Amino acid sequence: MTGVQTCALPIYTFRSVNWSFLLLLGALGATPEVFANAKVDAWLATLFTGLLQLVSGSSALFLSAVAVLSFVLSSVMRWQPAALLLAITLAPMGVGMGIDPWVVAFAALVACNGFHFPHMSTTYLALYDATSGRMFSHAEARPLAVAYLGLTILALLVSIPFWSAMGLL
């Protein structure tokens, strides 16, 4: 036999890999660089600066604004890149206010998980499809989606004393 080596892994090994997840992870890993090269983060920072200047005196108002911006941005793009983009864009503003970047990223991540449009949440769609739409309609779920935003803001506000105690605010 010559110096050619063959792969000893059986074919099922490659089939067992979650390729969709790996592709998503790769795309998300490159997203900050793509946003920076396209200057999307700088554009959003300019756009949000005026609005966030209004709430810059209060951690509670700032985190509430992050939640609302997350809710709005995730309406037009998938939650994964929306949360990442907002974290990249808003973290420097938060740092300027004494808010740890982790808190800003966490607030964006939690608030981007809304489902006021059915396509926004795979969990929501899975629940809807698993029941074949018999348990609830999209119209019935919409008020809960709006309530989710309110509960998210409330949860962020309740977390402020804990984050302050931890030195994150």
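All heavy atoms count here, side chains included; hydrogens, waters and symmetry mates do not. In this text the structure is predicted, and so the values were computed from the model without any measurement.
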Side-chain donor or acceptor of S132 paired with backbone N/O of R134 under 3.5 Å: no
Donor-acceptor under 3.5 Å (S75 side chain, F71 main chain): yes
Work out which heavy atom in [X] is nearest to a heavy atom in [Y]; give both atom names and the distance.
X    : Y    : value
E140 : S137 : OE1-N, 2.8 Å
P143 : A139 : CD-O, 3.2 Å
M77  : A82  : CG-CB, 3.6 Å
A60  : L157 : CB-CD2, 3.5 Å

Interatomic distance, L169 atom CG to L63 atom CG [nearest 0.5 angstrom]: 6.5 Å
Inter-residue atom distance S74.OG - L85.CG, 0.5 Å rounding: 11.5 Å
With M166 via side-chain contact (heavy atoms from CB on, under 4.5 Å) - residues at least two apart: W163, L168
Given the rule that I, L, V, M, F, W and Y join up when any side-chain heavy atoms are under 4.5 Å apart, are [X] and [Y] in one cluster?
X    : Y    : result
M135 : L127 : yes
V68  : L144 : yes
F162 : I153 : no
V66  : V76  : yes
Y148 : V146 : no

For Y128, all residues meeting ring pair (Phe, Tyr, Trp, His ring centres under 6.0 Å), sequence neighbours excluded: F136, H138
side-chain contact (heavy atoms from CB on, under 4.5 Å) evaluation trace for C112 with L86: CA-CA 9 Å; C112 278; L86 285 167; 4.1 Å; yes
Just distance, no hydrogens or angles: give the donor-acceptor pairs under 3.5 Å from side chains in residues 99-110, sequence neighbours left out.
| from | atom 1 | to | atom 2 | distance (Å) |
| --- | --- | --- | --- | --- |
| D100 | OD1 | W102 | N | 2.8 |

Beyond-backbone contact of S64 with L156, side-chain heavy atoms, under 4.5 angstrom: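 In short, these two side chains do not touch, never coming nearer than 4.5 Å.
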